[in-house]
Asks: 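Okay, handing you the structure first.
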Amino acid sequence: MACAASAAGAEATALLFRRPAPSSIAGRGRLAVSRRTRHRNLRTGAQPPQKSTPSANYRSRVNIQRDKAGASSDDEHQQKSEDENGLPNIQLEDLVGMIQNTEKNILLLNQARLHALERADKILKEKEALQRKINILEIKLSETGAQSEFSSEGKSDAKAQEFGVLKEENTLRKDDINFLKAKLIEISETEERLFKLEKERALLDASLRELECAFIAAQSDMLKLGPMQHDAWWEKVENLEELLESTANQVEHASLILDDYHDFQDKIDKLEASLGATNISEFCLYFVDLLEKRVKTIEERFQACNREMHSQIELYEHSIVEFHDTLSKLIKESEKKSMEHYAEGMPSEFWSRIYLLIDGWSLEKKISHSDANKLREMAWKRDNRLREAYLSSRGMAERELIDSFLKMALPGTSSGLHIVHIAAEMAPVAKVGGLADVISGLGKALQKKGHLVEIILPKYDCMQHNQINNLKVLDVVVQSYFEGNTFANKIWSGTVEGLPVYFIEPQHPGKFFWRAQYYGEHDDFKRFSYFSRVALEFLYKSGKKVDIIHCHDWQTAFVAPLYWDVYANLGFNSARICFTCHNFEYQGTAPAQDLAYCGLDVEHLDRPDRMRDNSHGRINVVKGAIVYSNIVTTVSPTYAQEVRSEGGRGLQDTLKIHSKKFVGILNGIDTDTWNPSTDRFLKVQYNANDLYGKSANKAALRQQLKMSSEHTSQPLVGCITRLVPQKGVHLIRHAIYKTAELGGQFVLLGSSPVPNIQREFEGIADQFQNNNNIRLILKYDDALSHMIFAASDMFIVPSMFEPCGLTQMIAMRYGSVPIVRKTGGLNDSVFDFDDETIPMELRNGFTFLKADEQGFDSALERAFNYYHRKPEGWKQLVQKDMKIDFSWDTSASQYEDIYQRAAARARAAT
Ligand SMILES: Nc1ncnc2c1ncn2[C@@H]1O[C@H](COP(=O)(O)OP(=O)(O)O)[C@@H](O)[C@H]1O
C-alpha cells in the first residue's frame with residue numbers, strides 16, 4: 001500500500017534506505033517484457049530468467065532521485081560500493097548536499113504524493129470499472145493479487161499511460177492464456193491418443209488370448225491324432241510357442257509404456273488441478289512443454305513397439321493357419337484310414353452304420369421302400385461297392401450320397417434272414433440279467449452267420465448311453481395306438497456292439513421309460529404293452545420285409561397276438577414270430593380288460609385256449625405268446641424239460657399242447673465281452689496257457705476289497721447274482737459261513753429287488769465288516785463283476801431253479817471252477833468232477849442235487865479238498881474249463897435252423 005502522505009523527511013530517508021521499494025510501473029513494464037521473453041523461452045524450452053532483486057529496485061529509485069535533483073553520481077563507483085557493502089558509501093559534503101536536496105525533494109515529493117494519491121484513487125476506481133469488462137483472464141489476474149501490484153505505490157504515471165501499460169500487459173496475459181489453452185487442448189488430444197492406445201492394447205491382448213486358445217485347441221487336436229507326424233508337429237508347436245512368447249513380451253512392453261502413460265496422465269491431472277488453483281502459472285507452462293515432449297517420445301516408442309508386435313502377431317497367425325491346415329489334413333487322413341480299417345477289421349459296426357443310414361433315408365421318405373430294400377440287401381451282403389461309395393463320401397451332401405447309393409441298387413436275392421429282436425434288455429446298454437446278454441450275444445452270432453439282425457429297445461432314461469455309437473434321432477415320428485388314442489413316438493438309431501438298434505421314445509404323458517429303472521413300476525404291464533405295439537407299428541410303417549420277429553419274456557410277449565390279430569390283417573404278414581421265455585416265473589398276468597390298452601381284442605383273447613391264465617381269471621401274456629408264436633423256445637434243454645411239468649408254473653399244459661413248436665436251446669455267452677485275454681476291466685489279462693494273470697487279479701481284488709493277502713493259496717469263492725429266492729438265497733447265506741469255516745475267502749456281488757433280502761444281506765455284510773476274509777458288495781457293478789470272475793478260484797450258483805444261468809459259464813471261461821446245483825441250464829453246462837458216469841473230459845465242476853445245506857456242503861468240501869490236496873490237478877481243471885467253448889456259435893446255429901424252417905413254411909404259404 002502507499003506510504004502515509006504526512007511521513008517526515010527522516011522517515012522518508014529511512015524508508016529509502018531500509019526498505020526496498022515495491023515494483024514501479026517501469027518495473028512492471030520490465031516484468032511484462034521479461035514474461036514475454038520467458039514465454040518465448042518456454043516455447044523453445046530455454047530456462048526461465050531470475051526474478052528481479054531488491055537491489056535492482058533500489059538502483060532504479062536512486063536514479064530517479066538523481067535525475068530530479070540534477071545531481072550526478074558515478075554509477076560504476078556506486079555499483080561497486082553497493083556490491084561491496086550492500087549500502088551506499090557516500091562523502092560527507094555530498095551527503096549534506098544530498099540531504100538538502102532530499103529535504104526539498106521530500107517536500108516536493110510529499111506534495112506530489114498527495115496529489116498522486118488523489119489521482120490514484122480516481123484511477124483505481126476507473127481501473128476497477130475497466131477491469132470488470134476484461135475477460136476471464138483479467139479476473140484470474142486480479143485474483144492473483146495483480147491489483148495490489150497496480151495499487152501498491154502511489155507513484156503511478158498518468159492514467160492514460162497506465163492504461164496503455166495495463167492493456168499491453170493484459171494482451172500479453174491473453175496470449176499466455178491462449179497459449180495455455182492450446183496446451184490444454186493438446187493435453188486432451190494426448191489423452192485421447194492414450195485412450196485409443198489403451199483400446200488398441202486391450203484388442204491386442206484379446207487377440208493374443210484368442211491365439212493362445214487356438215494354440216491350446218490345436219495342441220489338443222494334435223493329441224487326438226496320436227503319434228502321426230509327431231516330430232514335425234512338435235517342431236511347429238515349438239516355433240509357435242517361441243512366437244507366442246515374443247508376442248507376449250511385446251505386449252508386456254506395450255503395457256509398461258502404457259503404465260508410463262498412466263503416470264503422465266496422473267501428472268497432467270495434478271498439473272491441471274494446480275493450474276485451476278493457482279491460475280495461469282509459468283511453472284505449468286514449463287511442465288506442459290516438458291510433458292508434451294515426453295508424450296511424443298513415448299508415442300514414438302509405442303508406435304515402434306506396436307509395429308513390431310503386429311508383425312509378430314501376423315507371423316504367428318500365419319503359422320497357426322498353416323498348422324491348422326496340416327492338422328485338418330492329418331485328421332482327414334487318419335479318419336479315412338480308420339474308416340478303411342473299420343471296414344476291414346470291424347465289419348459289423350461298419351455295415352450296421354450303413355444299414356442304419358439306409359433305413360433312416362427310407363423312414364424319412366428320402367428313398368422308396370423298394371430302393372431301401374435293395375440297398376439293405378446290399379449292406380446285408382456286405383457289398384464292396386457300398387463300402388467304396390461310403391468311404392469316398394466324405395464332404396458329400398446327403399443327396400449326393402443317396403444318389404451314389406441308388407445307382408448301385410440292383411435286384412438280388414439272399415439266403416440270409418432278416419431277423420428283428422424286440423426286447424426289454426440288451427447288454428451292455430440296458431442290462432438287468434441274462435436276457436440282456438442273450439440279445440447281444442445271439443444277435444452278434446446271427447449277424448456273423450450272414451443274417452440281417454436288428455434290435456428294437458425302449459429308450460430308457462437310465463440306459464448306458466455311452467455304450468451306443470452314433471445315437472441320433474430320426475426325422476420321423478411313428479404314431480401308435482394306445483388306450484383309444486394315438487401317440488407320437490420318437491425313433492432313435494445307433495449301434496451297440498456292432499448291431500443296428502432302434503430306441504423307441506414314447507411321447508406319452510405316462511413317461512413310460514423315464515422312471516430311472518427298467519422294471520418294478522406299478523404300470524409295467526402298460527409300459528411294455530405300449531412298447532410292443534409301437535415296435536410293430538414302426539416295423540409296419542418302415543415297409544421292411546422281415547423274416548423273423550423274435551420277442552423275449554413277458555415284456556414283449558404282446559408282440560405275438562398283436563402281430564397275428566392286428567398287423568397281419570393290415571398286410572404286414574411276411575414275418576414269423578419266435579418267442580423265447582427266459583424264465584417261466586415271470587408270466588405277465590393282469591385283469592383281462594388291460595389287454596385292450598394296446599389294441600388287443602379282449603373278448604377274442606380271453607379264452608382258455610388263447611390268453612386266459614390256466615389257474616385264475618386273469619389273462620397271461622406268456623401264455624398268449626406260446627399260443628400265438630410260430631416258434632417257442634426256452635434257454636436250456638433241461639429247463640425246457642422242467643417247465644413241461646412243475647417248472648412251468650401253471651403253463652405246463654399249454655406247453656404240452658404246443659410242444660411241437662417248443663424247444664430248449666442252451667444260451668451261449670458273448671466270448672468277446674467275456675474274454676480274460678482281452679478284458680479291459682482286469683488288472684492283468686491272461687489265458688489258459690498263462691495263468692500268472694489270474695493270481696495277479698486275485699491279489700489285486702484282495703487289495704481292492706481290503707482282504708487278507710497272507711496266504712496266496714487260500715481259496716477265493718465268488719458269487720455274482722440277483723439276490724432273489726430263485727438263486728437259492730438261503731444257500732448263498734450258508735455258503736458265506738461255510739467258506740469261512742473251511743478257511744477260505746468269500747466275495748459276494750449282488751443286489752436284491754426284495755427289501756427284506758437286501759436288508760438281511762446288509763446285516764451279514766455288517767457282521768463281517770472286520771473279517772478280512774469275507775466281503776459282501778450289495779450293488780450292481782459290471783467292472784467289479786469282471787474282476788471277481790477273474791480273481792476267484794471257485795464260483796457258486798446254488799439256484800433253486802435256473803433256466804440257463806450264465807455266470808457258471810463265464811466263471812469257467814475265467815478259470816473259476818463252478819459249484820452248482822443240478823438244475824436247468826446248470827445241469828446242461830456243469831458236470832461233476834467225481835461223477836464217473838460222465839466222460840472225464842466233460843467233468844468241469846462240482847454239483848449237488850438237494851437244495852439244502854448238506855447238499856451244498858458236500859460239493860464245497862469236495863472242491864476245497866481237491867484244491868488243497870491236488871494243486872496240479874486243480875490247475876488242469878482250471879485250464880480245461882477255460883478252454884470249453886461256451887460261445888453262441890452252436891446255439892445260434894440251432895436258432896438259425898428253426899428260423900429257416902419257419903421262414904420256409906412262410907414262403908410256402910405265400
Ligand atoms: N450285482 C451284479 N453286478 C454285476 N453283474 C451282475 C450282477 N448280478 C448279476 N449280474 C450279471 O447278470 C447276468 C446274470 O445272468 P444269469 O446268470 O442268466 O441270471 P439272471 O438272468 O437270472 O439274472 C450275468 O452276466 C451276471 O454277471
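When a ligand or atom number is given, it counts from 1 through the structure's own listing order. Model, not experiment: these values are computed from the prediction.
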Asks: Among Asp523, Asp524, Asp461, find the residue that satisfies the salt bridge (Lys or Arg N to Asp or Glu O under 4.0 Å) test when tested with Arg515.
Replies: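 The salt bridge (Lys or Arg N to Asp or Glu O under 4.0 Å) with Arg515 is passed solely by Asp523 among Asp523, Asp524, Asp461.
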
Asks: Are Lys448 and Ser348 linked by a side-chain donor-acceptor pair shorter than 3.5 Å?
Replies: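 Their side chains do not contain a donor-acceptor pair, so the 3.5 Å distance test is not met.
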
Asks: Please tabulate, one line per pair, the protein nitrogen or oxygen atoms found under 3.5 angstrom from a nitrogen or oxygen of ligand 1, with distances to 0.1 Å, or say none if there are no such pairs.
Replies:
unit_1, atom_1, unit_2, atom_2, d
ligand 1, 1 (N), Lys779, O, 2.9
ligand 1, 3 (N), Asp781, N, 3.0
ligand 1, 15 (O), Gly434, N, 3.2
ligand 1, 17 (O), Leu806, N, 2.9
ligand 1, 19 (O), Lys727, NZ, 3.1
ligand 1, 21 (O), Gly434, N, 2.6
ligand 1, 22 (O), Arg722, NH2, 2.8
ligand 1, 22 (O), Lys727, NZ, 2.8
ligand 1, 23 (O), Arg722, NE, 2.7
ligand 1, 25 (O), Lys431, NZ, 2.8
ligand 1, 25 (O), Asp437, OD2, 3.4

Asks: Apply salt bridge (charged side-chain N to carboxylate O under 4.0 Å, His left out) to Lys459 and list each qualifying residue two or more places apart in sequence or on a separate chain.
Replies: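 Result, salt bridge (charged side-chain N to carboxylate O under 4.0 Å, His left out) vs Lys459: none returned.
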
Asks: Run Leu748 and Arg775 through side-chain contact (heavy atoms from CB on, under 4.5 Å) and show every step you take.
Replies: CA-CA 6 Å; Leu748 168 71; Arg775 286 291 174 270; over 6 Å; no

Asks: Do Val635 and Thr633 have side chains that get closer than 4.5 Å, going by heavy atoms?
Replies: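 With C-beta onward as the side chain, the pair stays apart.
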
Asks: Is Lys880 salt-bridged to Glu841, cutoff N-O under 4.0 Å?
Replies: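 Not counted as a salt bridge, because no side-chain N and carboxylate O are separated by less than 4.0 Å.
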
